[in-house]
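Both backbone and side-chain heavy atoms feed into the values below; hydrogens, waters and symmetry mates do not.
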Amino acid sequence: MAGHVTAGFAVCVSGFFYLERPFCYGAKELYLVVNFVLLVLLFVCMIYDLKDREVPMPLTLGGLVGAGVLGLFHGLWSPVLLTIALTHVADFNPREKRLAFALTLSAFAGIFQPDAALLCAVILSIWMLWEFGIMGGADVKLLIAITIMIGNATILIPIAVAGGIQGVIASLRKQREIPFVVSIFCGALFFVLFPLI
Amino acid sequence: MRFLKDNRGIESTEVALIIAVVVLVSYGAYRLLGQNIAAKVNDIAGKI
């Protein structure tokens with residue numbers, strides 16, 4: 001438990017370091033720090049997913065909080081508020097009410113901050129995958145956290161490709177289910193390292 | 001907090017494949033048609 005909290009806390013701390021950017025660090029160094037902490041978090045989540053087929057809540061929640069802090073600093077207040085709203089909307093009943101609220105809130109989020117409209121649409125799409133039981137909650141929370149933290153929806157492309165490759169390998173091995181956090185980690189690793197290659 | 005308490009980190013292989021295909025097709029369509037769509041939208045916005 002202490003390890004989970006520490007990892008989650010590390011992500012939050014990286015967010016606060018980032019807030020201090022103008023005073024302490026250059027943008028490039030902090031970009032590297034944030035990416036490093038993100039990859040460490042995803043690696044720890046991947047280990048848990050491979051072992052237990054579950055990711056402890058403190059890790060995913062810590063990732064979401066850290067992403068929220070970074071997102072607010074980047075000015076992405078609309079996707080951050082939408083994520084908080086969708087977390088509450090998930091408790092509404094019946095499903096029609098949840099879907100109606102989610103669509104309406106996403107539309108307003110996109111209208112109020114048009115620059116972040118694509119991110120809002122992506123967050124809604126990911127949340128819908130969870131709502132219809134297509135993806136696990138840990139995967140969805142990590143995907144939303146990564147999208148907000150990086151601030152660029154294109155990170156989902158290498159993750160989706162990695163998921164496809166993992167799906168093909170699992171199909172060849174006659175496996176029905178895959179630990180998707182492996183794909184999330186591999187895709188994020190590729191996205192972070194690609195500019196360096 | 002049903003959303004926060006869901007810790008499942010597993011997915012079916014079919015879903016992973018479908019998501020990969022949908023994302024790749026969407027990205028390909030965006031690369032092919034994105035500039036044309038933006039030009040049309042700007043054209044219409046200019047006329048309005």
**Item:** Heavy-atom contact with chain B under 4.5 Å, split by part of A/L129
**Value:** side chain
**Message:** Can you tell me which portion of A/L50 sits under 4.5 Å from chain B's heavy atoms? Options are side chain, backbone, both or neither.
**Reply:** neither
**Side chain, backbone, both or neither of A/R173 within contact of chain B (heavy atoms, under 4.5 Å)** = neither
**Message:** Please rank A/V181, A/I165, A/L86, A/T87 by heavy-atom pairs under 4.5 Å with chain B and give me the top one.
**Reply:** A/T87
**Asked** Quick one: do the A/Q166 and A/S183 side chains pair a donor with an acceptor below 3.5 Å?
**Response** yes
**Item:** Donor-acceptor contact present, side-chain B/K5 to main-chain A/M57, <3.5 Å
**Value:** no
**Prompt:** Charged N to carboxylate O under 4.0 angstrom, A/R176 versus B/E14?
**Reply:** yes
**Asked** In terms of heavy-atom proximity below 4.5 Å to chain B, should A/D49 be classed as side chain, backbone, both, or neither?
**Response** side chain
**Request:** Given side-chain contact (heavy atoms from CB on, under 4.5 Å), test A/E96 with A/F101 step by step and report yes or no.
**Result:** CA-CA 9 Å; A/E96 290 75 17; A/F101 267 93; over 6 Å; no
**Interface residue of largest heavy-atom contact number with chain B, from A/A138, A/A90, A/S171, A/G163, under 4.5 Å** = A/A138
**Request:** Check each atom of B/L4 against the heavy atoms of chain A and say whether the ones under 4.5 Å are side chain, backbone, both or neither.
**Result:** both
**Message:** Heavy-atom pairs under 4.5 Å with chain B - which of A/I157, A/V161, A/V89 has more of them than the others?
**Reply:** A/I157
**Item:** Top contributor to chain B interface from A/H88, A/M135, A/Q175, A/E177 [non-hydrogen pairs under 4.5 Å]
**Value:** A/E177
**Prompt:** Can you tell me if B/D6 uses its side chain to pair, donor with acceptor, with the backbone of B/R8 under 3.5 Å?
**Reply:** yes
**Asked** Do the charged groups of B/R2 and A/E131 touch, with an N to O distance under 4.0 Å?
**Response** yes
**Request:** Using modelled atom types only, decide if a donor and an acceptor are shared between the side chain of A/D52 and the backbone of A/E54 within a distance under 3.5 Å.
**Result:** no
